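Treat the numbers as computed from the prediction; the structure is a model and nothing was measured. Each residue takes its place number in the sequence, starting with 1.
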Amino acid sequence: MFRFKYCVLALALLLCTPIFTPADTITQTNAEGQRMVVQTNAIVIENDSYAVVYKHFDLQQRRVVKAKLNQGSLPYNVVESNASGRQQIVKLWEKFGYTATVTTRAGKKTQVYDCYFDFFPGPGGIGAFLESVPPRANLPIQFDSGGVDQIEFDQITSIANQNGHLTVTLTNGKVETGKFLMPTQQPAVVHFMGITGQYQPASSQIYDFSMPLPGISEIRFDNDQQ
């Protein structure tokens with residue numbers, strides 16, 4: 001099932017791309033003198049004699065990621081798009097990630113695109129990411145009824161959070177309860193991450209929304225578009 005979804009998304013992304021102004025394209029000329037496309041539909045945020053750093057959409061992870069190419073004997077070349085092309089590629093990214101409406105404990109609602117969970121060192125949950133724990137587009141949960149699981153976002157309609165106790169409504173209508181199962185023994189704080197409609201393409205970050213799970217009362221996924 002996962003492989004099928006991956007192929008469908010890859011095909012959709014390729015089919016949708018021509019209606020947009022191309023974003024930044026990274027090429028490299030190989031030893032035979034052939035120019036090879038390394039990455040297209042990217043946004044380059046650093047480009048010097050040492051490295052090229054860029055953002056792009058990773059279909060397998062269903063989110064925006066950052067990558068780095070170290071310059072060597074066969075340097076990379078960047079063809080940059082204009083501001084309009086970069087804005088359009090962000091809109092394309094929004095179509096293929098998970099989308100959710102997040103409600104804070106204060107009642108503020110925010111639509112978040114390309115969303116995922118990521119982890120910061122505890123107990124403050126600020127600063128650099130906890131590098132030993134990768135981000136994820138699933139919910140690790142310890143059920144009240146016993147047992148644990150990782151529920152993919154596309155199987156979830158909503159997650160209600162009441163003082164750390166989660167009520168998870170699935171797309172098949174089933175309701176599960178439990179608590180977030182931290183995937184590390186280190187002190188850590190889980191954040192719900194992603195981009196909003198105000199995300200700036202030129203940002204060096206791959207997100208502009210980051211909220212600790214304890215500050216969220218509900219996450220409601222828009223799985224109709226998946």
Side-chain angles (χ1 to χ4, degrees), residues 43 55 57-58 61-66 86-130 133-142 144 150-171 173-184 187-226:
I43 296 179
K55 303 177 291 187
F57 189 85
D58 186 290
Q61 298 186 54
R62 298 284 295 274
R63 66 184 186 89
V64 181
V65 300
K66 189 183 292 186
R86 289 183 164 202
Q87 188 63 59
Q88 288 177 344
I89 203 62
V90 170
K91 292 298 181 185
L92 182 63
W93 291 349
E94 291 175 1
K95 291 179 178 294
F96 293 97
Y98 294 105
T99 300
T101 299
V102 178
T103 305
T104 68
R105 296 212 170 278
K108 181 181 178 180
K109 295 180 182 292
T110 304
Q111 189 169 42
V112 182
Y113 303 94
D114 304 330
C115 48
Y116 59 100
F117 285 120
D118 210 341
F119 303 87
F120 292 81
I126 58 175
F129 293 105
L130 194 61
V133 184
R136 60 187 59 212
N138 59 48
L139 173 68
I141 185 171
Q142 181 174 342
D144 290 337
Q150 296 183 15
I151 308 175
E152 301 298 324
F153 283 175
D154 60 3
Q155 298 173 5
I156 301 174
T157 297
S158 66
I159 303 170
N161 178 26
Q162 186 172 15
N163 298 322
H165 185 259
L166 306 180
T167 300
V168 184
T169 303
L170 305 179
T171 54
K174 188 176 181 181
V175 176
E176 300 281 6
T177 60
K179 65 178 182 178
F180 192 95
L181 182 63
M182 293 296 292
T184 177
V189 177
V190 57
H191 283 224
F192 193 72
M193 316 278 292
I195 66 177
T196 71
Q198 287 70 52
Y199 179 74
Q200 296 299 311
S203 171
S204 62
Q205 302 292 343
I206 58 172
Y207 64 92
D208 66 340
F209 181 90
S210 177
M211 175 69 65
L213 184 58
I216 297 173
S217 64
E218 184 185 55
I219 301 169
R220 182 167 292 275
F221 289 93
D222 180 10
N223 278 320
D224 290 340
Q225 68 171 10
Q226 308 303 333

Are [X] and [Y] side-chain neighbours, meaning at least one heavy-atom pair lies under 4.5 Å?
X      : Y      : result
Val175 : Thr167 : yes
Leu166 : Asn161 : yes
Val102 : Phe209 : yes
Phe119 : Thr184 : no
His165 : Asp144 : yes
Tyr98  : Ile156 : no
Arg220 : Thr157 : yes

task = Could you tell me if the ring centre of Tyr199 sits under 6.0 Å from that of Tyr113?
result = no

For the residue pair [X] and [Y], what are the closest heavy atoms and their distance?
X      : Y      : answer
Arg136 : Pro183 : NH2-CB, 3.6 Å
Ile43  : Pro201 : CG2-O, 3.4 Å
Leu139 : Phe117 : CD1-CE1, 4.0 Å
Cys115 : Ala137 : O-CB, 4.5 Å
Ser210 : His191 : OG-ND1, 2.7 Å
Ala202 : Arg86  : CA-NH1, 4.5 Å

inquiry  = Students often mix this up, so state it plainly: with edges at 30° and 60°, are the rings of Phe192 and Phe221 parallel, tilted or perpendicular?
reply    = perpendicular

Quick check for you: to the nearest 0.5 Å, what is the distance between [X] atom [atom1] and [Y] atom [atom2]?
X      : Y      : atom1 : atom2 : result
Lys95  : Asp114 : NZ    : CG    : 12.0 Å
Ile216 : Lys108 : CD1   : NZ    : 12.5 Å
Lys91  : Ile89  : NZ    : CD1   : 12.5 Å
Thr177 : Ile141 : OG1   : CD1   : 7.0 Å
Lys55  : Gln205 : NZ    : CD    : 9.0 Å
Arg62  : Thr99  : CZ    : OG1   : 9.0 Å

message = Test your reading of the model: is there a side-chain donor-acceptor pair from Thr104 to the backbone of Gly215, 3.5 Å cut-off?
response = no

ask   = Is the backbone N or O of Gln198 less than 3.5 Å from a side-chain atom of Gln200, with the two atoms forming a donor-acceptor pair by type?
value = yes

Those residues that, when tested against Lys179, pass side-chain contact (heavy atoms from CB on, under 4.5 Å) (two or more places apart) = Gln142

request  = Using side-chain contact (heavy atoms from CB on, under 4.5 Å) as the criterion, list what pairs up with Val65, not counting sequence neighbours.
outcome  = His56, Asp58, Gln61, Arg63

ask   = Is the number of heavy atoms from other residues, nucleotides or ligands within 6.0 Å of CD (Gln162) greater than 12?
value = no

